[in-house]
Number of protein chains: 2
Amino acid sequence: MIETTKQQLVSAASRLLDAGGQEAVTLRAVGERVGVSHNAPYRHFSGRGALLGAVAKRDFNMLKQAFDDQNSANDSPEAALRGSAAALIAYGIEHKARYRLLFSDPQLPSDAILKEAAFDSFKAFSGIVARCQQHGALPDVDTVSLTGVIYATIHGAIDLEISGRASGAKGLGSVEATASLLFDLLRNHGATGYSATRPTLAIE
Amino acid sequence: MIETTKQQLVSAASRLLDAGGQEAVTLRAVGERVGVSHNAPYRHFSGRGALLGAVAKRDFNMLKQAFDDQNSANDSPEAALRGSAAALIAYGIEHKARYRLLFSDPQLPSDAILKEAAFDSFKAFSGIVARCQQHGALPDVDTVSLTGVIYATIHGAIDLEISGRASGAKGLGSVEATASLLFDLLRNHGATGYSATRPTLAIE
DNA sequence: ACCTGAACACCGTTCAAGT
DNA sequence: ACCTGAACACCGTTCAAGT
């Protein structure tokens with residue numbers, strides 16, 4: 001399965017994000033990796049922003065898949081929730097610049113297609129939260145609002161971590177510990193040694 | 001009280017952040033606002049990054065002051081907590097690019113002085129959390145870890161909001177609603193119509 | 001339909017020079 | 001001590017031209 005030039009450009013941009021962050025993704029560097037000139041990308045994307053948007057769309061789809069996989073692989077809804085959180089955290093830690101592109105970059109031009117991909121991944125996560133509520137593992141409040149709290153907490157913890165804000169002498173635990181504490185508190189202080197299924201991510 | 005050239009450069013950078021975001025803060029635009037050449041800033045800062053660091057330090061100090069003010073103005077610890085959250089949220093909404101600079105920009109060069117300013121504001125917030133725990137308004141777990149959860153949630157909600165990620169058809173409530181729901185849930189589902197002292201921010 | 005090379009406007013930074 | 005103007009390397013983007 002060989003990649004088209006367009007797909008190669010997206011892959012090259014993803015690798016450059018991992019290697020050197022946003023600033024490393026210049027059209028000249030992307031072109032060089034693929035073996036085309038620095039303005040060949042304009043034949044496939046309207047500009048640098050649209051290329052980054054394509055990276056984001058691809059990763060949103062992979063995250064949705066990871067959430068769906070957790071949902072299928074775990075009989076316990078709480079295990080699916082913790083496993084999904086772990087998958088998102090792993091993605092953030094291992095692909096900092098890409099995580100920020102998807103969840104934190106205000107410049108990212110989001111067309112309808114990208115918005116849909118982002119919403120689909122959110123829906124998959126939200127569905128797991130709803131399952132937890134039905135099993136009594138999470139409080140019985142409005143599902144979307146509750147998902148908002150959980151999503152915000154995990155995102156905030158990841159973002160503070162990968163932006164270096166948590167590394168100060170703040171004594172903050174790992175991102176996993178923060179997420180785990182939230183889940184425990186939402187279960188009414190029922191601290192457990194619970195361990196979710198180890199997440200697998202099909203992201204290069 | 002006239003500003004020194006150095007202070008004028010910091011103020012100009014802050015206003016440019018508010019008006020046009022990070023990309024609008026070019027040394028040429030900063031210099032023009034102050035009435036100096038585009039490389040005059042190098043006489044006061046080691047470069048663009050250090051100038052932005054000075055903006056961040058100033059704002060961290062103002063936020064610490066806002067938290068301390070909330071702590072003094074409210075007899076109820078929970079009112080101080082909700083007021084501090086509201087102050088942080090208001091700063092984020094009204095100064096999006098500056099908020100991101102302080103709490104989310106991985107490029108921001110953080111020397112020891114800036115780290116200390118950031119830590120001091122975190123400590124002020126953490127002290128309010130501790131007061132809430134003593135009054136039974138928050139669960140009796142490790143204070144720093146609990147502050148980490150609360151801080152992550154508020155930061156995550158603000159960041160998703162100002163990066164446009166919450167505006168999709170996700171049905172998410174306002175940032176205030178997300179923070180308020182967290183506080184309610186941490187009090188064991190005790191939903192209240194609680195209203196904190198309106199925060200005031202001494203930020204231009 | 002897809003790509004190239006030159007060119008343009010813009011940027012951060014450096015440096016020699018001025019007061 | 002503080003500032004200026006020219007210059008450099010780099011960038012995204014545009015455009016005329018090639019196949």
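By convention in this document, chain letters (A, B, ...) are assigned in the order of the sequence lines, proteins followed by strands, and residues within each chain are numbered from 1. The structure presented is a predicted model; accordingly, all values stated were derived computationally and were not measured. Keep in mind that the numbers below use all heavy atoms, side chains included, and drop hydrogens, waters and symmetry copies.
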Do the side-chain N or O atoms of Thr26(B) get closer than 4.0 angstrom to the phosphate oxygens (OP1, OP2) of dC11(C)?
yes

Intermediate values then yes/no, salt bridge (Lys or Arg N to Asp or Glu O under 4.0 Å), Arg98(B) and Asp59(B):
CA-CA 8 Å; Arg98(B) 282 155 76 174; Asp59(B) 280 10; 3.0 Å; yes

Tell me: CD of Glu23(A) to C1' of dT13(C), nearest whole Å?
15 Å

Atom pair CZ/NZ of Phe45(B) and Lys6(B) - distance to nearest 0.5 Å:
5.0 Å

With respect to the side chain of Asn39(A), which nucleotide from dA6(C), dG12(C), dC3(C) is positioned closest?
dA6(C)

Nearest-Å distance for atom pair CD/P, residues Gln22(B) and dC11(D):
19 Å

Regarding His38(B), tell me which of base, sugar-phosphate or nothing describes its non-hydrogen contacts under 4.0 Å with the strands shown.
base

Determine whether Asp111(A) and Lys115(A) satisfy the following criterion, salt bridge (Lys or Arg N to Asp or Glu O under 4.0 Å), listing intermediate values before the conclusion.
CA-CA 6 Å; Asp111(A) 54 8; Lys115(A) 276 201 161 121; over 6 Å; no

CD of Glu32(A) versus P of dC11(D): gap in Å, rounded?
10 Å

Test side-chain contact (heavy atoms from CB on, under 4.5 Å) on Leu63(B) and Leu102(B) and set out the steps.
CA-CA 11 Å; Leu63(B) 284 172; Leu102(B) 271 66; 3.9 Å; yes

side-chain contact (heavy atoms from CB on, under 4.5 Å) between His155(A) and Ile150(A), intermediate numbers included:
CA-CA 8 Å; His155(A) 167 62; Ile150(A) 295 173; over 6 Å; no

Whether Thr5(B) contacts dC3(D) is assessed here as follows: a side-chain N or O lying under 4.0 Å from the phosphate OP1 or OP2. Is that the case?
yes

Rounding to an integer number of Å, can you tell me how far Tyr42(A) OH sits from dA17(D) P?
21 Å

Rounded interatomic separation in angstrom, taking CZ from Phe45(A) and P from dT13(D):
13 Å

Of Arg28(A) and Arg43(A), whose closest DNA chain C nucleotide lies nearer the 5' terminus?
Arg43(A)

Mind checking if Arg48(B) touches a base, just sugar-phosphate, or nothing, with heavy atoms under 4.0 Å?
sugar-phosphate

Using a cut-off of 4.0 Å on non-hydrogen atoms, how would the nucleic acid contact of Val25(A) be classed: base, sugar-phosphate, or nothing?
sugar-phosphate

Looking at dA7(D), which nucleotide sits across from it as a Watson-Crick or G-U wobble partner, both distances under 3.5 angstrom, or is there none?
dT13(C)

Scanning all shown strands, the Watson-Crick or wobble mate of dC2(D) with both distances under 3.5 Å is dG18(C)

When the distance from CG of Leu9(A) to P of dC3(C) is rounded to whole Å, what number comes out?
8 Å

